[in-house]
Amino acid sequence: YSNLAASLEDTITPPVKVQHTQLLINGKFVDSASGKTFPTLDPRTGEVIAQVSEGDVEDVNRAVVAARKAFDEGPWPRMTAYERSKILFRFADLIEKHNDEIAALETWDNGKPYEQSAKIEVPMLARVFRYYAGWADKIHGMTVPGDGSHHVQTLHEPIGVAGQIIPWNFPLLMLSWKLGPALACGNTVVLKTAEQTPLSALLVGRLLHEAGLPEGVVNIVSGFGPTAGAAIASHMDIDKVAFTGSTDVGKIILELASKSNLKAVTLELGGKSPFIVCEDADVDQAVELAHFALFFNQGQCCCAGSRTFVHERVYDEFVEKAKARAMNRVVGDPFKSGIEQGPQVDSEQFKKILKYIRHGVDSGATLQAGGDRLGSKGYYIQPTVFSDVKDDMLIAKDEIFGPVQTILKFKDLDEVIARANNSRYGLAAGVFTQNLDTANRLMRALRVGSVWINCFDVFDATIPFGGYKMSGIGREKGIYSLNNYLQVKAVVTAIKNPAW
Ligand code: NAD
């Protein structure tokens, strides 16, 4: 890796200026009530990009007052669904117009390759909002037979003020998966970004208002979890909270919701997803897909294929080739073209990943590639591969959330099903096989929210996503996500003379 490390020394100046650092409350950028700010850092260097207003309890209260008023008195839930839909379509157009600017902010704050932000994630952001813009005027209730002497109908109504707390690994996409359905259904929102990545959401928030969103409908509060985040989860005037992040914090959210007003809760939490390479696999293709499944986004994916189970017949060849592929992974300044991997998001994640790597070595797994930091500044980590990993090792059980592939050997399907399911998580799984029976068997047996067969990380806006077990509660994206933001009202009308 020595050449790569050397090339990390010259840091490229991002092609964007930071315009917005204040909180977005009631349609205006404002300072936090305390006047406090916090620095958001460039993961390439650890240097400060900008000082950002730090939202706390009082700011969440102000945002909730604005969102409440916009819901209880404002035009948003009262305008025609078609008008709401048009605003969301206009917003998607504006996202496309500002594609490169949004992408540059996302990369600067998060460290992910600019080409990934500009060519995949920002276009997906527009796609998700168009998908939900299309839903806005297609949400409706039913008529229900009842017992014959009543006319029964259901009204699908917005739930009210939604609190949304998002992580730093896909700041824009996580925002879209939450804002899209909430807005399509006519809710108003208080959204807290992750403290590591507050910048792109503020620009996107401005574009929402340029598209015609009424004031107070979306309020964006930058700030920390135990302060601003906890204030959202425990607020008495928030009707629903949606959270994406760690399982530990997910438990806190559920607790705060139950201790306050029993607001509805959806959670998208951690994972330790199996990627199963069957004996019939074309090894080259399997290596490439397993590599993508783990290393995509610096390994910072909740659904990362982080337990690579390989059948014993192809295991040795797979390990050799997985090692070679990791050694060839192009790591560097994410603003350079052709970069596959940038730095980890911050020093906390960086240190945590290096600690897990040491654990792997100490517990007897074979370090095939990587194993250390890359360069001397910023949070770059060498693409790392362990083989001979055993199920009870910490690196096979915990979510590492970094570029560390762990390869485990298996003998038969019954065994790999049991081992794959032996996890407190159940977010996703990958299956690599040409055998239809094997694919069908695994697809049914795996206790996870998404199974990708001969593919991985397919995130179309139409496909539901969420976890079994401790990976979460509820589904985002697709038609299923709408239920998270709707109340069902049953309206029963007596029929005077049912015998017509
Ligand atoms: P986290 O769960 O602490 O943070 C996610 C969000 O929750 C952030 O906005 C944060 O400010 C907020 N938060 C934190 N504590 C809170 C509290 N007490 N009340 C309300 N909100 C709170 O995640 P992290 O510390 O950024 O990362 C830790 C680990 O979480 C990672 O290593 C990874 O394993 C996992 N993670 C998972 C996802 C995912 O997509 N499921 C995303 C990011 C991190």
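We count ligands from 1, going down the list as the structure has it; atoms in each ligand are counted the same way. We use all heavy atoms of the structure for the numbers below, so side chains are in, but hydrogens, waters and symmetry mates are not. We count residues from 1, following the sequence as given.
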Tell me which one of [options] gets a heavy atom nearest to [atom].
atom                    : options                : answer
atom 7 (O) of ligand 1  : Y356, F243, F401       : F243
atom 23 (O) of ligand 1 : A228, C301, S246, A194 : S246
atom 39 (C) of ligand 1 : C302, C303, G402, G163 : C302

Distance to 0.1 Å, residue and atom name: give those for the protein heavy atom nearest to [atom].
atom                    : result
atom 19 (N) of ligand 1 : G225 O, 3.3 Å
atom 9 (O) of ligand 1  : I166 O, 2.8 Å
atom 34 (O) of ligand 1 : E399 OE1, 2.7 Å
atom 24 (P) of ligand 1 : W168 NE1, 3.7 Å
atom 42 (C) of ligand 1 : P167 CB, 3.4 Å
atom 3 (O) of ligand 1  : V249 CG2, 3.5 Å
atom 10 (C) of ligand 1 : E195 OE1, 3.6 Å

Under 4.0 Å from a heavy atom of [X]: which atoms of ligand 1 are those, numbered in the order shown and with their elements?
X    : value
G229 : 19 (N), 20 (C), 21 (N)
N169 : 40 (O), 42 (C)
E268 : 41 (N)
Q349 : 27 (O), 28 (C), 31 (C), 32 (O)

Report all side-chain donor-acceptor pairs from residues 241-248 shorter than 3.5 Å, counting only partners two or more places apart or in another chain.
unit_1: T244; atom_1: OG1; unit_2: K178; atom_2: NZ; d: 2.5
unit_1: S246; atom_1: OG; unit_2: V249; atom_2: N; d: 3.4
unit_1: T247; atom_1: OG1; unit_2: G270; atom_2: N; d: 3.4
unit_1: T247; atom_1: OG1; unit_2: M470; atom_2: O; d: 3.1

Using non-hydrogen atoms of the residue, decide whether [X] is closer than 4.0 angstrom to ligand 1.
X    : result
Q196 : yes
A230 : yes
K352 : yes

**Request:** For ligand 1, indicate whether the residue L269 contacts it via side chain, backbone, both or neither (heavy-atom separation under 4.0 Å).
**Result:** backbone
**Item:** Qualifying residue for ring pair (Phe, Tyr, Trp, His ring centres under 6.0 Å) with F275, from F295, W452, F456, F309
**Value:** F456
For the side chain of [X] and the backbone of [Y], is there at least one donor-acceptor N/O pair under 3.5 Å apart?
X    : Y    : result
K477 : I463 : yes
T107 : K112 : yes
T40  : Q196 : yes

**Request:** Among K377, E47, R44, find the one that has a side chain to side chain donor-acceptor pair (under 3.5 Å) with T11.
**Result:** K377
**Request:** Check the angle between the aromatic planes of Y131 and W135 and answer parallel, tilted or perpendicular using the 30° and 60° thresholds.
**Result:**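 Perpendicular: the ring planes of Y131 and W135 meet at over 60°.
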**Prompt:** Is the closest side-chain donor-acceptor distance between T37 and Q51 under 3.5 Å?
**Reply:**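 T37 vs Q51: donor-acceptor pair found between side chains.
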**Asked** Can a protein heavy atom be found under 4.0 Å away from atom 27 (O) of ligand 1?
**Response**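 Within 4.0 Å of atom 27 (O) of ligand 1, protein heavy atoms are found.
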**Message:** Contact between S222 and S53 at the side-chain level, heavy atoms closer than 4.5 Å - yes or no?
**Reply:** no
**Request:** For the pair R206 and E210, find out whether any cationic side-chain nitrogen is under 4.0 Å from an anionic carboxylate oxygen.
**Result:** yes
**Request:** Calculate, to the nearest 0.5 Å, the distance between atoms CG and CD1 belonging to L408 and I395 respectively.
**Result:** 8.0 Å
**Asked** How far apart are the C-alpha atoms of W177 and F465, what are their side-chain angles, what is the distance that settles it, and do they pass the ring pair (Phe, Tyr, Trp, His ring centres under 6.0 Å) test?
**Response** CA-CA 10 Å; W177 292 9; F465 184 76; 5.5 Å; yes
**Prompt:** Looking only at distance, does I400 have an N or O less than 3.5 Å from an N or O of ligand 1?
**Reply:** no
**Prompt:** Mind checking whether F224 has an N or O less than 3.5 Å away from an N or O of ligand 1?
**Reply:** no
**Request:** List the steps and the verdict of side chain to side chain donor-acceptor pair (under 3.5 Å) for N110 and T197.
**Result:** CA-CA 6 Å; N110 169 282; T197 52; 5.8 Å; no
